[in-house]
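What follows is a short report on a single structure.
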Amino acid sequence: MTEVPSPQLRISDQERESALNALGEHMSAGRIDIDEYGERSARITAAKTRGELAGLFDDLPAPHPVYGGAAPVAPAPVAAAPPQTAVARPHGWNGGQRAAAALVPLVWIATIALIATTTLPAFPLILAPIALTVVGRALWGHGWDHRGDRPRVRREHRIDHREARREMRDEMRDEFRRRRDRW
């Protein structure tokens with residue numbers, strides 16, 4: 001065992017993470033099995049001092065946990081996913097389409113409010129939102145929102161996910177076979 005500096009000092013989350021990464025390296029190398037990894041990782045998360053942590057690596061060669069201000073053993077970097085916006089923005093819409101999309105519901109709400117609160121006849125008032133809806137539909141035609149593409153897009157989406165699931169399944173099988181062959 002390598003000498004642990006100040007074994008009575010309490011450990012930080014960074015040191016615990018370093019120990020878990022080191023333990024993962026030992027499992028990947030085949031020095032410990034999955035059950036032993038589970039037991040040791042539970043003891044790592046429960047450890048309070050450097051001495052307790054070091055005791056879990058007595059029978060293992062390097063890598064060991066990094067203590068103090070040194071950089072922990074870091075896993076391979078993972079590409080960050082691009083941030084997603086909360087509001088879906090329709091691509092390819094021009095200004096008129098956006099204006100109509102905003103005005104139609106507002107005109108309907110205003111018309112209903114006017115009908116409910118005034119003594120004006122409802123028939124002429126209801127013609128305004130209907131006309132705006134018809135004009136918008138006539139300008140951009142049936143299917144301008146690309147609904148005709150939806151079945152094709154959904155089918156492609158399902159195929160992509162099916163292929164991704166197959167790749168993941170094959171990777172898991174290969175990893176299981178490699179580990180089984182090592183034992």
Side-chain angles (χ1 to χ4, degrees), residues 1-94 97-98 101-102 105 143-183:
M1 178 178 118
T2 60
E3 187 62 30
V4 177
S6 305
Q8 74 282 2
L9 283 180
R10 290 172 96 51
I11 58 173
S12 67
D13 289 338
Q14 185 179 18
E15 292 168 332
R16 273 190 199 88
E17 188 174 328
S18 171
L20 287 170
N21 288 336
L23 194 63
E25 291 292 322
H26 290 297
M27 186 180 76
S28 296
R31 293 185 190 103
I32 58 175
D33 62 12
I34 191 76
D35 294 328
E36 191 173 0
Y37 175 81
E39 292 168 11
R40 289 187 189 213
S41 62
R43 289 173 57 192
I44 287 173
T45 56
K48 295 191 189 305
T49 65
R50 289 179 176 180
E52 293 173 16
L53 201 59
L56 298 171
F57 290 88
D58 284 345
D59 60 340
L60 296 171
H64 288 219
V66 178
Y67 300 105
V73 177
V78 178
Q84 295 186 1
T85 59
V87 178
R89 293 187 179 136
H91 297 290
W93 282 23
N94 63 29
Q97 289 172 317
R98 289 185 180 153
W144 63 271
D145 55 353
H146 308 292
R147 286 189 183 178
D149 292 344
R150 285 188 182 171
R152 181 184 53 80
V153 170
R154 286 182 183 156
R155 184 174 51 253
E156 290 173 0
H157 186 73
R158 280 196 313 265
I159 291 170
D160 290 343
H161 278 279
R162 185 179 309 137
E163 291 172 1
R165 286 193 308 269
R166 285 181 182 158
E167 288 175 14
M168 286 175 52
R169 182 194 62 212
D170 293 343
E171 288 174 9
M172 294 292 284
R173 283 182 182 165
D174 293 343
E175 180 66 23
F176 176 75
R177 287 179 183 146
R178 277 194 297 269
R179 288 183 181 178
R180 184 187 62 201
D181 292 343
R182 277 193 235 152
W183 293 339

E15 to P65 - nearest heavy-atom pair and separation
O-CB, 4.4 Å
Is any side-chain heavy atom of R169 closer than 4.5 Å to a side-chain heavy atom of R165?
no
Any chance you could measure L56, atom CG, to H26, atom NE2, to the nearest 0.5 Å?
11.0 Å
Per-pair distances, 0.1 Å, donor-acceptor, side chain in residues 171-179, under 3.5 Å, sequence neighbours excluded:
unit_1 : atom_1 : unit_2 : atom_2 : d
E175   : OE1    : R178   : NH2    : 2.7
E175   : OE2    : R179   : NE     : 2.9
E175   : OE2    : R179   : NH2    : 3.3

Of all heavy-atom pairs linking V66 and S18, the shortest is N-OG, 2.8 Å
Quick one: does I11's side chain get under 4.5 Å of T49's, heavy atoms only?
no
In terms of heavy-atom contacts, does CZ of R10 have more than 12 from other residues, nucleotides or ligands at under 6.0 Å?
no
I would like to know whether L53 and Y67 meet side-chain contact (heavy atoms from CB on, under 4.5 Å); could you show each step before the answer?
CA-CA 10 Å; L53 201 59; Y67 300 105; 3.9 Å; yes
Below 3.5 Å, can you tabulate the donor-acceptor pairs from side chains in residues 157-164 to any protein atom, sequence neighbours excluded?
unit_1 : atom_1 : unit_2 : atom_2 : d
H157   : NE2    : H161   : NE2    : 3.0

In terms of relative ring orientation, are F57 and H64 parallel, tilted or perpendicular, with 30° and 60° separating the classes?
tilted
R16 side chain vs A47 backbone, donor-acceptor pair below 3.5 Å
yes
What side chain to side chain donor-acceptor pair (under 3.5 Å) pairs are there with at least one residue in residues 34-45, not counting sequence neighbours?
E36-R40, R40-D59
With no hydrogens and no angle check, is any side-chain donor or acceptor of S6 less than 3.5 Å from a backbone partner on L9?
no
